[in-house]
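The structure under discussion appears below in the form of structure tokens.
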There are 2 protein chains.
Amino acid sequence: MSDCANCIVRNQAICGALSPDELEILNKAGRKQRLTAGQTLFWEGDDSLLVANVIEGVLKLSTSMADGREQIVGVVFPSDFIGRPFGGVSSHSVTALTDAYLCTFARSDFDRFAAQYPALERKLLDRTLTELDRARKWMLLLGRKTATEKTASFILEMSDRLGRQGCESEGPADSFLLPLGRQQIADILGLTIETVSRQLTKMKQDGLIELPDRRAITIRDRDALQMQVA
Amino acid sequence: MSDCANCIVRNQAICGALSPDELEILNKAGRKQRLTAGQTLFWEGDDSLLVANVIEGVLKLSTSMADGREQIVGVVFPSDFIGRPFGGVSSHSVTALTDAYLCTFARSDFDRFAAQYPALERKLLDRTLTELDRARKWMLLLGRKTATEKTASFILEMSDRLGRQGCESEGPADSFLLPLGRQQIADILGLTIETVSRQLTKMKQDGLIELPDRRAITIRDRDALQMQVA
DNA sequence: CGTATATTTGATCGAGCTCAACCAGCGTGG
DNA sequence: CCACGCTGGTTGAGCTCGATCAAATATACG
């Protein structure tokens, strides 16, 4: 684990609500777990047996239909929380997009612990409310935006979220490496891979972005891009 | 307020976490408020100054774009909670679809109260997690389903949620009155009003449903409808 | 290198959108 | 009571954006 990842997790993860000795207790209940890119932590419909904090890496939350159509419903970064506490079944699969390092807890242990520390539940509630807002914003994109608007929104959102990953919470990054392939971008935006590809090359031709490498994006004209989102 | 509405609110609202005297205190902080159909409680982007519990009626949560495109991101029934506790701005407008009766709280009062009663926060967390799951399920619909699948999903979801409204938590209703017009259905499904209309008449012709009246739907063949969702 | 995988590009098609006309219910006022 | 207009919903015709099908390139990897 890099020091930097360590730093952001300490500062922003829900465990931040705990005192050092409380943290000690929680840590004993937790288990560090490595995932390699592509590996799935648990599946949609599994009953929720574990929760986790992301220490390093990026994961996707996805639901899919019997015929294979898939929708990515969330992308999870270091310090983010994974899983469904307090019973129920998971409404989505969780799969590593990059190699990842997690701190996992048996759900029953976590539930018991959370019940004892309201500050933890409070932090979790805050986070869940933020996720809900993000999900709802994404619903507007999925239901009402055009392919161009979707793609521009995606680039700006990624620039923003990837930019906040470092220690000194820098602003949005103008040049970044995507933790996703084209198919996964399509699954986030509710488009096909071909449409995503065409939109990106169009934006490159128009001088809005550079595509130095299949996983990299550089923003050349942020304002123009911002115009495209709606 | 009908006794029935009273009953479901008592049984299911977050206040259920409170003892009678705690409830008393909370009630003093609250204010009953009537809304008439079409009236907006607060707008997207307002900073969050109040939260509320729905006692009676149905409301929509929606976001929209500068050019007027709108997406409904949630539909709220009696006993549901409205608003963004703990700061931040509202990510969506809240508008009454029918006449409605709410129990509202100044956000600051509610926040203070919630901090004192972890059981309340816990219940709120539970509810928020459920809402998040629902939102994510809806993202699959918006991003990946066809017009027919969207419409079938909508009818079944409405049947389900409207069926649970009564006292004795009956199962899904086979015949119900929508609290929405066609345009609003379109805004939920990410379609146009014309497409919704065509899908409904098609389903009527195929004998899956009846449309006794512009606001009413009767399900004739639930299994066939269930097939259509995917 | 050669083979497998990811992406781009091209050509065509069709689901759902747009634009436009029509219709049904319904409250209002003559 | 009935003509009238208004609102909300349906139906039709044509078009467009994004999907689909197909092929050509990159890129990764043994």
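What you see is a predicted model, and the numbers here were worked out from it, not measured in a lab.
Among the candidates Asp221(B), Thr201(B), Leu200(B), the single residue satisfying the side chain to side chain contact (heavy atoms under 4.5 Å, CB included) test with Ile209(B) is Leu200(B).
Nucleic acid contact class of Leu200(A) (heavy atoms, under 4.0 Å, all strands): none.
Salt-bridge annotation for Arg84(A) and Asp133(B): present, with a side-chain N of the basic residue lying under 4.0 Å from a carboxylate O of the acidic one. Taking the charged nitrogens against the carboxylate oxygens, Glu44(B) and Arg136(A) have no contact shorter than 4.0 Å, which rules out a salt bridge. Under the 4.0 Å criterion applied to side-chain N and carboxylate O atoms, Arg161(A) and Asp80(A) are assigned as salt-bridge partners. Of the charged side-chain nitrogens involved, at least one lies within less than 4.0 Å of a carboxylate oxygen, so that Lys202(B) and Asp206(B) count as a salt-bridged pair.
For the residue pair Pro212(A) and Thr218(A), the shortest heavy atom distance occurs at CG-OG1, 3.8 Å. Shortest non-hydrogen contact noted between Pro179(B) and Thr98(B) is CB-CG2, 3.9 Å. In plain terms, the two heavy atoms of Ser90(B) and Phe42(B) that are nearest each other are OG-CE1, 3.2 Å.
Neither side chain, Arg144(A) nor Ser64(B), offers a donor N or O lying under 3.5 Å from an acceptor on the other. With no hydrogens or angles considered, no side-chain donor-acceptor pair links Thr128(B) and Arg127(A) at under 3.5 Å.
Taking only side-chain atoms of Ala147(B), from C-beta outward, the nucleotide of dG9(D), dG18(D), dG16(C) with the closest atom is dG16(C). When distances are taken from the side chain of Arg182(B) to each of dT10(D), dC17(C), dG18(D), the shortest belongs to dT10(D). For Thr192(A), the side-chain atoms get nearest to dT20(D) when compared with the rest of dT8(C), dG16(C), dT20(D).
As rounded to whole Å, 15 Å separates atom C1' of dT20(D) from atom CG of Asp67(A). One atom, CG of Leu189(A), and another, C1' of dG18(D), lie 13 Å apart when rounded to the nearest Å. What separates CZ of Arg144(A) from C1' of dG16(C) is a distance of 12 Å, to the nearest Å. Distance CG (Leu191(A)) to P (dT8(C)): 14 Å, rounded to an integer number of Å. Glu149(A) places its CD atom 12 Å from the P atom of dC17(D), with the value rounded to the nearest Å. Spacing between atom CZ of Arg215(B) and atom C1' of dC26(C) amounts to 15 Å, rounded to whole angstrom units. Residue Lys145(B) contributes atom NZ, which lies 17 Å from atom C1' of dA15(C) at whole-angstrom precision. Put simply, NZ on Lys202(B) is 11 Å from P on dG16(C), counting in whole angstrom units.
No more than 12 heavy-atom neighbours from other residues, nucleotides or ligands sit within 6.0 angstrom of CZ on Arg220(B).
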Collect all protein-nucleotide pairs involving nucleotides 27-30 of chain D in which both atoms are nitrogen or oxygen and the distance is under 3.5 Å.
from, atom 1, to, atom 2, distance (Å)
dT27(D), O4', Arg214(A), NH2, 3.0

Could you list the protein-to-nucleotides 11-13 of chain D atom pairs, N/O on both sides, closer than 3.5 Å?
from, atom 1, to, atom 2, distance (Å)
dT11(D), OP2, Thr201(B), OG1, 3.4
dG12(D), N7, Arg198(B), NH1, 2.9
dG12(D), O6, Arg198(B), NH2, 3.3

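Inter-axis angle, ends of the helix from dC1(C)-dG30(D) to dG30(C)-dC1(D), five pairs per end, rounded to 10 degrees: 30°.
Aromatic rings from Phe110(A) and Phe81(A) are positioned such that their centres are separated by under 6.0 Å.
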